[in-house]
Every structure is written in structure tokens, then in C-alpha cells.
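This report refers to the structure that appears directly beneath it.
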Amino acid sequence: MKALVTGISGFVGSHMAEYLLDNNVEVIGTIRNRSRMEHILHIQDQVHLVECELRDPFSVESLLTQERPDLIFHLAAQSFVPTSWNSPVDTIHNNVAGQLNIFEAVRRLDLDCRIQIACSSEEYGHVEPDETPIREENPLRPLSPYAVSKAAQDYLGYQYFKSYGLHVIRTRTFNHTGPRRGEQFVTSNFAKQIAEIEKGIRHSKVSVGNLNAKRDFTDVRDVVRAYWLALEHGEAGDCYNIASGSCVTIREMLDMLLSMSTVSIDIVPDPSRMRPSDVEILLGDMTKFSNQTGWKPEIPFEQTLRDLLNYWRERV
């Protein structure tokens, strides 16, 4: 069994690679010349890394011609919502073109492979109070360029399944976090600030944005197990929510992190951290996926946050 992981050096990609190696799967990973490699240094000699610009169709087709994987976990993306406000064209082009090039290469080469595409709960966007927990049938009302790019990836997955018979599984993952999460994401940002305060290299103040938003968090290590099961047991062409089924406010998440520290820390609002529009609540219903695959999250949220805080304590 051979698996291709796009974006292997990223947050989810590195955890995905570890999971695959633990299951005796041969792993090929795409990187770019500016990829940061620290997340995969410990497994670099166990995986085959290939420099590939996913936005270049020739580069993608060359990769797939040479490797001919059985599984593709397409995780590479511009995944930070605020960046998509600053660079909407780049976000949409990066996320959509890369996936299209993979689909076209698989189609032209007639590869017999299963493809998981990492879509997002952000696609649901504006959610009415009576629409939670969110099911897969809920309307998509994206509220950011990032969410629009993910909706496009989602629909393209369906279209290539219907038009060409590609074995595509669309996973709509709700918020996920854990060790190695990028410092620009809220859980990791708060954890890093707390670790810096503990080390005395930052004033005892945590800068925050909107603390009222409600989010459904799952540990990344549970998420990559879900991605594996999606390709093992998911129905081709279908979409599945990956979620914990419970949510907390950003304030409650911050309070949990603060309770793990012994230092006194103040909370200071930062207007620059507010978005032009924000999704009020993302609470997922993962019943469909659980019934299809037997998956359920196993790692408690408190452990996830503790592991994330300890990750930053070791690095600041």
C-alpha cells in the first residue's frame, strides 16, 4: 500500500504521515522549496519526499506518473481564514488549482486510487440557530474567501466522481488542534502566548479577538485516523462531517488553557484580531460518518490543550 500525502510538512500532514507509517503504509509526501521541515524531521528518513508545485499541472502529473499511489490524502492548502481576506485570489487559486491538477492527472493516467480531500466546516458559514448540530445536508453559506475555496474543492470532488468515476471522499472537518498547530490559529496562539508569559519573555497579557464564537474542536490525532477510515470505509462521492459533536466558546477554551498555568494573566482585546465577518457557531453532527466507519473521537479536549501548551513550553 502506497499513500501520497500532499502538504506532508504541515500540521495535519505530519500527523497523517505518522499514522500511516504506524500502519506500515509506504508514504510519499509533497513539499515545496520553502516548506518548513521541523514537523517531519523525526520521520524524514522513513518517507519519500518529492518537491512538487501543486499549482503546476506538469509537476503534478510527473509526480503521479512516477509514484502511482493507492491512496491520496490531499491536505495541502492555504488554510488560515484571515489570510484569505488579505489574499482572496491567491487562496482560491492555490486551493482549487492544486486539487484540479491532482484530479486531472489521476483521470488522464487512469489511476486506480482513492482520494480524500480535506474540506472544512467553514463551508457552512452562516448557520441558523435551529440548524445545529450541523448535518451534511445543511446549506453551504460560506463567509470568507477561504470557505468559498473549500466549497469549490468540495463540489469539484463530487463533480469528478459523477463525471469521471474518481473515488473521491469529501471530509468536512470542524476545528481541529493539537501539537504542531500553526501559531496563527487561535488555540495555538493562546497557548504560545501563555508559554511566553511563563518564560518571562512576554508581558502577562493575552491578546484576544472574538471570544464569543462557538467551535467544535477535535484532536488532530483523531482527525487523521478519521481520514484513514474515510478511505477504508467511506462511500465514493459522499461527504462526511468530522467533528466531536460538542462545542465550547473561544472564551471557555482560553479559560481551560489559563487554568493549566500557575501565573497570573490578564485578557486584553485586540481589534486587529477581529474578522470582517465571523461564523457564530460551528457544531457538527458526525453521526453519518460514525455509522459508516465506526469512528469516534477518543482524546479529551483538555488533554489536547495540555499537549498543545506543553508543545509551546518546549519551544519558546
Is it true that the NZ or CZ of Arg215 lies under 6.0 Å from the centre of Phe217's six-membered ring and within 45 degrees of the ring axis? no
Taking ring pair (Phe, Tyr, Trp, His ring centres under 6.0 Å) as the definition, give me every residue that meets it alongside His15, ordered by chain and number, with sequence neighbours left out. Phe11
Pair Asn189, Gln193: side-chain N/O donor-acceptor within cut-off below 3.5 Å: yes
Going by atom types alone, do Glu61 and Thr65 pair a side-chain donor with an acceptor below 3.5 Å? no
Do Ile72 and Arg114 have side chains that approach each other closer than 4.5 Å (heavy atoms only, starting at C-beta)? no
To the nearest 0.5 angstrom, please state how far the NZ atom of Lys150 sits from the OH atom of Tyr146. 4.5 Å
With no hydrogens and no angle check, is any side-chain donor or acceptor of Asn241 less than 3.5 Å from a backbone partner on Ile134? yes
Point-to-point distance, once rounded to the nearest 0.5 Å, from CD1 of Ile28 to CG of Leu49: 10.5 Å
Under a 4.5 Å cut-off applied to non-hydrogen side-chain atoms, are Pro57 and Glu104 in contact? no
What I'd like to find out is whether the side chain of Thr187 reaches to under 4.5 Å of the side chain of Met253, using heavy atoms alone. yes
Any Lys/Arg nitrogen of Asp307 or Arg180 sitting under 4.0 Å from an Asp/Glu carboxylate oxygen of the other? no
Measure from the side-chain N and O atoms of Ser14 to the backbone N and O of Gly10, and report whether any donor-acceptor pair falls under 3.5 Å. yes
Donor-acceptor contact present, side-chain Tyr311 to main-chain Ser188, <3.5 Å: no
Does a side-chain heavy-atom distance below 4.5 Å link Val168 with Phe103? yes
What pairs with Ala3 under side-chain contact (heavy atoms from CB on, under 4.5 Å), at least two apart in sequence or on another chain? Leu20, Val25, Leu71, Phe73
Donor-acceptor pair, distance only, cut-off 3.5 Å: does the side chain of Asp216 make one with the backbone of Ser244? yes
Would the distance check show the side chain of Asn95 and the main-chain N or O of Ala77 forming a donor-acceptor pair, the cut-off being under 3.5 Å? no
Rounded at 0.5 Å granularity, tell me how far CG in Asn94 sits from OG1 in Thr83. 11.0 Å
Straight-line distance of Cys119 SG to Gln153 CD, nearest 0.5 Å: 6.0 Å
Return the minimal non-hydrogen interatomic distance between Ala105 and Leu64, and the atom names on each side. CB-CD1, 3.5 Å
So, do Val106 and Cys113 sit near enough that their side-chain heavy atoms are less than 4.5 Å apart? yes
In short, His74 meets Ile102 closest at the heavy-atom pair ND1-CD1, 3.4 Å
Which value, rounded to the nearest 0.5 Å, describes the distance between Lys199 atom NZ and Arg202 atom CZ? 14.5 Å
Decide whether Ser9 and His39 meet the rule of one side-chain donor and one side-chain acceptor closer than 3.5 Å. no
Roughly how far apart are Ile117 CD1 and Tyr227 OH, rounded to 0.5 Å? 10.5 Å
Quick one: does Glu198's side chain have a donor or acceptor within less than 3.5 Å of a partner on Ser261's backbone? no
Shortest non-hydrogen contact between Trp295 and Ile242, atoms and distance: CH2-CG2, 3.9 Å
Identify which one of Ile8, Val50, Leu4, Val5 satisfies the side chain to side chain contact (heavy atoms under 4.5 Å, CB included) criterion when paired with Thr30. Leu4
Treating Gln303 as the side-chain partner and Pro300 as the backbone partner, does any N or O pair qualify as donor plus acceptor under 3.5 Å? no
When you measure from the side chain of Ser144 to the backbone of Ala147, do you find a donor-acceptor pair of N or O atoms at a distance under 3.5 Å? yes
